[in-house]
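The block underneath contains the structure these notes are about, expressed in structure tokens.
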Number of protein chains: 2
Amino acid sequence: MAGVRAAQKEKTRRALIQAAMNQLSAEHGYASLSLREVAREAGIAPTSFYRHFQNMEELGLTLVDEGGLTLRQLLRQSRQQIAKGGSIIRASVTTFMEFVTNNTAIFRLLLQEKSGNSRDFRLAVTREVEHFTAELVDYLVDEQQFDRELAELQADAIVRIVFSAGADALDADAKERQRLTEQTIAQLRVVARGAEATRQVAKTRESAAL
Amino acid sequence: MAGVRAAQKEKTRRALIQAAMNQLSAEHGYASLSLREVAREAGIAPTSFYRHFQNMEELGLTLVDEGGLTLRQLLRQSRQQIAKGGSIIRASVTTFMEFVTNNTAIFRLLLQEKSGNSRDFRLAVTREVEHFTAELVDYLVDEQQFDRELAELQADAIVRIVFSAGADALDADAKERQRLTEQTIAQLRVVARGAEATRQVAKTRESAAL
DNA sequence: AAATTGAGCGAACACATGTTCACTGAATGC
DNA sequence: GCATTCAGTGAACATGTGTTCGCTCAATTT
């Protein structure tokens, strides 16, 4: 009942996932990922791959899920930073950029499969991004008292800007990445100001109608 | 001197490009594009491919260039619509969404290769997007009298939002696409308001400092 | 009219791919 | 202690890949 066997199996499963990620980070994307090369790096025979995954696609979807998990951990981190006080915008963007820096392979995977060629993959990634947006909407509604509609508009814009900047950060060196981070922060502040102004306009119109 | 021969060559070259685009739009991206299948669809032998392109990569870069060209044509259209009067934001977003609708394959290619695995490709796409941003900056500076710095911040944010929305539009039906278009317009208005507010803040601080 | 050019072709090569199959041998259940 | 399970294996298969080579034969040049 010690589960020596099960433990070993889990271990090589992790080895496969890790091998796949290593090969992603390099030069080739998921599309050009080879079962045989992954197996080789994981230290098993190509045929043994099928003891762990039915398909290459199943491996791929697993990678996306792992990426999503890491992304949600990031969200939690970010919220902790906010609880400590300080600018929510700066904290979020900084944390996000750190995530991109420390999990390049995973973020690149998410990014590529978001507009990739497998519908299943696209849906999986979209689902992860929607989680991200939903959390942000809740924050804007609960903590900043925005209307749900305006909160959704704003959150969606923020997520689009941040993910897009993250994509650019992948190819950037440390200095350029710093510039990108500051630029993104400034942009989110513009958006926040715009949302605030929009809320005021709506309120004014409301009282004028009374 | 009639150039019957040269004309024929150009014709099959176009056939190759067209064949490649057809196969992109379907289910497979550039990465999984096969020389043999492209040649088959173009109606020539696989070996004849090399009479027109040195590599598959050369074909791919040609596709990106063609996409960029179409994108710049889009920009011109958009400016014409603005000249006719009417909201610049609405005109731009609408034109952009039409482009995505009518050139799905091309836009998907640009999108994929933007975060793809070939550095050459990424640079080519980035260059195209930068053209797009630069035009927008000029407009904001010349027509709206923004400072160059704030104009760049704003233009960059706008391009990020619009491209990201375009990506989502790829998978959407007509109704959802309409919703996306309206959402994007609303978001750009928020950004515009935010930029305006930011400009006012800067001005106030300036005069206070005097 | 003769010589040259060059787009298109068919055969062949060397190779990598995903997947199947019957197998071995250690961990597990009884 | 014996029977069973099952992760890992090596050989083999069928197929698709990019690319080379020498050839044909119509358009072009001389």
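Proteins get letters first, then strands, A, B, ... in listed order; numbering begins at 1 in each. Just so you know, these numbers come straight off a predicted model, no measurement behind them.
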Between CG of B/Asn55 and P of D/dG18 the distance, given in whole Å, is 11 Å

So the salt bridge (Lys or Arg N to Asp or Glu O under 4.0 Å) pairs with at least one residue in residues 7-22 of chain B (sequence neighbours excluded) are B/Arg14-B/Glu66

A/Met56 CE to C/dA16 C1', in whole Å, measures 13 Å

Rounded to whole Å, CZ of B/Phe53 lies from C1' of D/dT19 at a distance of 17 Å

To the nearest angstrom, the CD-C1' distance between A/Gln54 and C/dT20 comes to 14 Å

Residues 32-43 of chain A vs salt bridge (Lys or Arg N to Asp or Glu O under 4.0 Å), sequence neighbours excluded, gives none

The salt bridge (charged side-chain N to carboxylate O under 4.0 Å, His left out) partners of A/Arg193 (sequence neighbours excluded) come to none

Rounded to whole Å, the CG-P distance (A/Leu35 to D/dT15) equals 19 Å

Hits for salt bridge (charged side-chain N to carboxylate O under 4.0 Å, His left out) against B/Asp171, two or more places apart or cross-chain, chain-then-number order -> A/Arg119, A/Arg122, B/Arg108

Its contact letters, B for base, S for sugar-phosphate only and - for none at protein heavy atoms under 4.0 Å, make nucleotides 4-12 of chain C read -BBBBBBBB

DNA chain D nearest-nucleotide lookup for B/Glu37 and B/Ala6: closer to the 5′ end is B/Glu37

note: A/Leu59, atom CG; C/dT17, atom C1'; distance rounded to Å ~ 16 Å

query = Touch check for A/Tyr50, heavy atoms < 4.0 angstrom, all strands: base, sugar-phosphate only, or nothing?
reply = base

Note: A/Tyr30 and A/Leu109 closest approach over all heavy atoms is CB-CD1, 3.9 Å

Sorted by chain and residue number, the salt bridge (charged side-chain N to carboxylate O under 4.0 Å, His left out) partners of A/Arg177 (sequence neighbours excluded) come out as none

